[in-house]
Protein chains: 2
Amino acid sequence: MQDLLFDFISKYISLTDDEKNAIVSLALFRQVKKGAILLKEGEKSNDGYFVLKGCIRIYYIIDGEEKTTAFYTEMEALTPHCVIQKAPSEYYISCVEDSILLVSDPDMEAEMFSKFPKFETLCRILAEEFLAKQQINFDEFKTSSPEQRYINLLQKRPDLIQRVPQHQLASFLGIKPQSLSRLRARILEKIKG
Amino acid sequence: MQDLLFDFISKYISLTDDEKNAIVSLALFRQVKKGAILLKEGEKSNDGYFVLKGCIRIYYIIDGEEKTTAFYTEMEALTPHCVIQKAPSEYYISCVEDSILLVSDPDMEAEMFSKFPKFETLCRILAEEFLAKQQINFDEFKTSSPEQRYINLLQKRPDLIQRVPQHQLASFLGIKPQSLSRLRARILEKIKG
DNA sequence: TGAATACGTTCACTTAAGTTAAGAAATGAT
DNA sequence: ATCATTTCTTAACTTAAGTGAACGTATTCA
């Protein structure tokens, strides 16, 4: 399991055995069951997550309805807004599947950064890279229709459509579950016709 | 003008005079006229921008139509996707108003980082913070209607509605200019009625 | 200054998403 | 295995966004 992590890191920086050991000694691995809630609205938490295996999601409850806005799968990192802003969380985080996560918090990060400055470089690069990806995603979302967004998702993250319930996908696409059903039927119609 | 920059930085880290001088000696200030194009689709560039004064925007040309997806105003930093990905740009960047920008590139950043590690910390924090903000923005976009998005913008960035043409705002809100006109009329109707 | 272009609004019409409700299918718990 | 709950789909109706076109009003620039 740790190998997955080090393979991932090696794409960005090279680590000595000392550094690997430091990470392992500080890192907290956590197994979580499908449906488990990692963070609730209103709670304060300092935990960030790196998904080694499985899938977690962010959702809001607005007017009593769940609105899923993001999924994180293998080799993706999620630092909740409340950790950065030091404020109560606006959203929930829960497990879509049984998952294995690497849990971090700012204190642990600070310790790593001071011992191994290289590690701060890694975090900076990851943040910059993820920010760039996030912006492209947002741009695509803004400039396309729900139907285009779904077709886009089919191509870019076909796994998500398999592993995630439709009603969660719907709000991820910015629409209602009924509209997603209809839209899927419409696309099938087009392919057949 | 430099004071603006240092006041901003001082919110995150404290700088010695040496460090300030290093920034000034490496930094490139650039005055740009309204309408000037900083980056074109297909171009490769290594320049990142920090807006000291004015407003710049990102837009795509899709099927011959301009689609504006982002605005950057005072004290906001924009590192184009193509700088991170080392690939040709998918979008254009242009000046909405006469602006004063601080231009940076990866080489200059690397030099700063090695001389003053503190500066890498600043960049990491800014990237993390901006990422968190960006995600909240995206979440709000996904979970609200065009009308709600516009009302939201009225409250959060009223300045944008003043300084930016309607048709650019429209695509920023994910709709057509005609729909924005209609939506504004609808809101006025509600206030009157 | 005058012609051309770009911009914002309005209108009629089309298309698709939201809403409400019902029922079928899948899932989970006892 | 059965019952209850959740999830997904379908349908009819409402509402709002997309489309194409026209019109008045800036802006631009030759």
Side-chain angles (χ1 to χ4, degrees), chain A residues 33-37 55 57 59 61-68 71 92 94-98 141-154 160-193, chain B residues 33-37 57 59 61-68 92 94-98 141-154 160-193:
Chain A
K33 288 266 174 208
K34 175 175 174 176
I37 293 183
C55 177
R57 65 187 251 260
Y59 66 96
I61 295 186
I62 298 175
D63 298 332
E65 270 189 35
E66 259 188 33
K67 305 267 190 177
T68 298
F71 297 101
Y92 296 77
S94 86
C95 264
V96 174
E97 305 167 349
D98 290 359
F141 194 95
K142 275 184 182 172
T143 56
S144 58
S145 67
E147 185 172 324
Q148 287 173 312
R149 278 175 221 153
Y150 179 76
I151 291 170
N152 212 247
L153 197 68
L154 269 174
L160 268 194
I161 291 167
Q162 300 307 319
R163 60 209 288 199
V164 157
Q166 297 292 317
H167 68 281
Q168 291 176 14
L169 267 188
S171 46
F172 182 68
L173 293 169
I175 57 177
K176 303 282 165 185
Q178 298 92 320
S179 297
L180 178 54
S181 267
R182 180 166 40 197
L183 171 163
R184 281 156 55 95
R186 201 163 61 220
I187 292 172
L188 271 178
E189 223 25 64
K190 282 184 193 168
I191 294 169
K192 269 197 250 167
Chain B
K33 287 268 175 208
K34 174 176 176 175
I37 293 183
R57 64 186 252 261
Y59 66 96
I61 295 185
I62 298 174
D63 298 331
E65 271 189 34
E66 259 188 32
K67 305 266 190 179
T68 297
Y92 297 76
S94 85
C95 265
V96 175
E97 304 167 350
D98 290 359
F141 194 94
K142 276 185 181 171
T143 57
S144 58
S145 66
E147 185 172 325
Q148 287 172 313
R149 277 175 223 155
Y150 179 76
I151 292 170
N152 213 248
L153 196 68
L154 269 175
L160 268 194
I161 292 168
Q162 299 309 318
R163 58 208 289 198
V164 157
Q166 297 292 317
H167 67 281
Q168 291 177 11
L169 267 187
S171 47
F172 182 67
L173 293 169
I175 57 177
K176 302 282 164 184
Q178 296 93 319
S179 297
L180 179 54
S181 268
R182 180 166 41 197
L183 170 164
R184 281 156 54 96
R186 201 163 61 220
I187 291 172
L188 272 178
E189 222 26 63
K190 283 183 193 167
I191 294 170
K192 270 199 252 167

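A, B, ... follow the sequence lines: proteins, then strands. Residue 1 opens every chain. The structure displayed is predicted, hence computed values, not measured ones.
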- Task: Grab the CZ-C1' distance between A:R182 and C:dA21 for me, whole Å please.
- Result: 14 Å
- Task: Check for a donor-acceptor pair, side chain of B:D98 on one end and backbone N or O of B:K33 on the other, with a separation under 3.5 Å.
- Result: no
- Query: What integer distance in Å separates A:L180:CG from C:dA17:C1'?
  - Reply: 12 Å
- Task: Could you label the plane-to-plane angle of the B:F141 and A:F141 rings as parallel, tilted or perpendicular, counting under 30° as parallel and over 60° as perpendicular?
- Result: perpendicular
- Item | Interatomic distance where NZ belongs to B:K176 and P belongs to C:dT14 [whole Å] | 19 Å
- Message: At less than 4.0 Å, is any side-chain N or O atom of B:S181 found next to OP1 or OP2 of C:dT9? Yes or no.
- Response: yes
- Task: State whether the side chain of B:S171 and the backbone N or O of B:K67 hold a donor-acceptor pair below 3.5 Å, judged by distance alone.
- Result: no
- Nearest-Å distance for atom pair NE2/C1', residues A:H167 and D:dT6: 8 Å
- Item | Between C:dT15 (C1') and A:L183 (CG): distance, integer Å | 13 Å
- Phosphate-side-chain proximity, A:R186 and C:dA17, N/O vs OP1/OP2 below 4.0 Å: yes
- Return the value, rounded to whole Å, for the distance between atom CD1 of A:I161 and atom P of D:dT7. 18 Å
- Item | Proximity to the side chain of A:A185 - top-ranked nucleotide from C:dG18, C:dT10, D:dT10 | D:dT10
- Task: Nearest whole angstrom, please: distance from the P of C:dG23 to the CD of A:Q178.
- Result: 16 Å
- Message: Using the side-chain heavy atoms of A:Q166, tell me which of these nucleotides is nearest: C:dG28, C:dA17, D:dC8.
- Response: D:dC8
- Query: Would you say the side chain of A:L160 lies within less than 4.5 Å of the side chain of A:F172, judging by non-hydrogen atoms?
  - Reply: yes
- Once you round it to whole Å, what is the distance between C1' of D:dA17 and NZ of A:K142? 18 Å
